[in-house]
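Per chain, numbering begins at 1; letters A, B, ... match sequence-line order. The structure displayed is predicted, hence computed values, not measured ones.
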Number of protein chains: 2
Amino acid sequence: MCQHCNYGNLLTTAGLEATAHRLHVLEAIGDSTFPLSAVAIHQSVAGRRAINRVTVYRILDTLVEHGVVDRISTGGRAFNYGLAPNAHHQPHPHFYCTRCGRMCCLAPESLNVDTHPLWKTFPGRIDRIEVRVDGVCKNCLPLETQSRN
Amino acid sequence: MCQHCNYGNLLTTAGLEATAHRLHVLEAIGDSTFPLSAVAIHQSVAGRRAINRVTVYRILDTLVEHGVVDRISTGGRAFNYGLAPNAHHQPHPHFYCTRCGRMCCLAPESLNVDTHPLWKTFPGRIDRIEVRVDGVCKNCLPLETQSRN
DNA sequence: GCTTCAAATGCAACTTTATTGCATGACCGA
DNA sequence: TCGGTCATGCAATAAAGTTGCATTTGAAGC
């Protein structure tokens with residue numbers, strides 16, 4: 001739950017019309033402590049008010065394009081979505097459990113990434129850096145050990 | 001082109017039968033200086049000898065499972081594949097151009113990632129860390145600037 | 001050299017996730 | 001009140017990967 005972000009402001013600051021659907025999508029993402037899949041976002045928003053899943057995809061695309069939301073790769077085929085770094089949120093790595101498919105946020109300082117050499121040497125334009133840790137979460141570890149025996 | 005890797009050895013060391021198709025897939029990946037999509041791998045191998053695209057996917061799955069090849073997320077929906085870190089290859093970040101879709105390898109030292117804090121604190125199991133830089137490559141930058149004007 | 005068997009491969013079909021095309025609705029400004 | 005633009009709904013489509021089943025291939029044993 002982010003209590004610092006005013007989602008309406010985030011939208012208008014990004015030059016976007018703050019429609020009800022958009023607000024609900026942003027709230028679903030912002031109120032979650034971990035990135036969500038498009039399906040989970042759709043389920044969350046649809047629980048409050050009917051919305052077409054195509055609309056969810058369109059809204060997510062728009063929010064990503066305008067830098068309000070980050071589209072995060074998982075080890076699978078679906079993307080997850082989280083609030084993009086802003087004044088209240090630092091960029092941070094994510095952990096993706098290859099067993100249960102859940103993704104969580106890692107503290108920024110848990111993986112120190114020094115990007116200075118890259119900025120000095122890279123001839124193109126850098127837009128964002130995604131750091132993802134794949135493994136097995138602590139909930140799945142016991143099951144993982146079990147299934148190997 | 002990696003001249004240090006004996007692909008047949010890589011396969012047998014991983015406990016896999018070194019079939020002709022698997023060798024060709026591994027050669028396609030190992031001979032490339034950048035990660036390849038499944039389609040590109042299929043095209044490369046099919047240029048030498050007919051192979052079904054389902055077989056390419058199956059071989060890639062097997063190679064990933066056995067730690068011979070890395071499945072790398074792109075910003076898009078397709079995965080790219082590169083040799084997994086081994087005695088001759090350090091783990092390294094990748095750059096993905098959001099304009100042309102090409103991915104290239106970055107020098108390990110261009111992005112220093114300090115994972116010590118994570119290893120100390122993370123309660124689950126860490127299998128791999130993927131670092132991807134998204135942006136616009138130097139070839140696309142002029143076009144990108146043009147299309148904005 | 002033949003037989004057997006298990007794994008690899010081919011093929012058609014399917015699934016998952018996301019996207020597109022077109023129509024309609026909603027809202028705002030004149 | 002009307003017109004226009006953007007947002008949204010719906011059906012259909014596309015891209016990428018997976019599954020089920022049959023066949024092929026290659027190695028081992030006799």
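- Under the rule for a side chain to side chain contact (heavy atoms under 4.5 Å, CB included), the partners of A:P91 that lie at least two apart in sequence or sit in another chain are A:P85.
- For B:D61, the salt bridge (Lys or Arg N to Asp or Glu O under 4.0 Å) partners at least two apart in sequence or on another chain are B:R71.
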- Message: What does the B/S/- profile of nucleotides 4-11 of chain D look like, 5' to 3', with a 4.0 Å heavy-atom cutoff to protein?
- Response: ---SBBBB
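- By the salt bridge (Lys or Arg N to Asp or Glu O under 4.0 Å) test, A:E130 pairs with A:R128, B:R132, sequence neighbours left out.
- When the P atom of D:dT25 is taken as reference, atom CG of B:L23 falls 17 Å away, rounded to whole Å.
- Mapping heavy-atom proximity under 4.0 Å, the span of DNA chain C touched by chain B runs 5' to 3' from C:dA7 to C:dT19.
- Listed by chain and number, the hydrophobic cluster partners of B:V113 are A:F95, A:L106, A:L111, A:V113, A:L118, A:W119, A:F122, A:I126, A:I129, A:V131, A:V133, B:F95, B:L106, B:L111, B:L118, B:W119, B:F122, B:I126, B:I129, B:V131, B:V133, where partners are ILVMFWY side chains within reach of under 4.5 Å, directly or through others.
- Hydrophobic cluster membership for B:L141: B:V136 (Ile, Leu, Val, Met, Phe, Trp, Tyr linked by side-chain heavy atoms under 4.5 Å, directly or transitively).
- Sequence neighbours left out, not one pair with a member in residues 23-68 of chain A passes ring pair (Phe, Tyr, Trp, His ring centres under 6.0 Å).
- With sequence neighbours excluded, the residues forming a side-chain hydrogen bond (donor to acceptor under 3.5 Å, both in side chains) with B:D127 are B:R125, listed by chain and number.
- When the P atom of D:dA16 is taken as reference, atom CG of B:N80 falls 11 Å away, rounded to whole Å.
- The base of D:dA16 has none of its N or O atoms less than 3.5 Å from a complementary donor or acceptor on the side chain of B:R77.
- B:L11 is connected to B:I29 through a chain of hydrophobic side-chain contacts under 4.5 Å among Ile, Leu, Val, Met, Phe, Trp and Tyr, so both are in one cluster.
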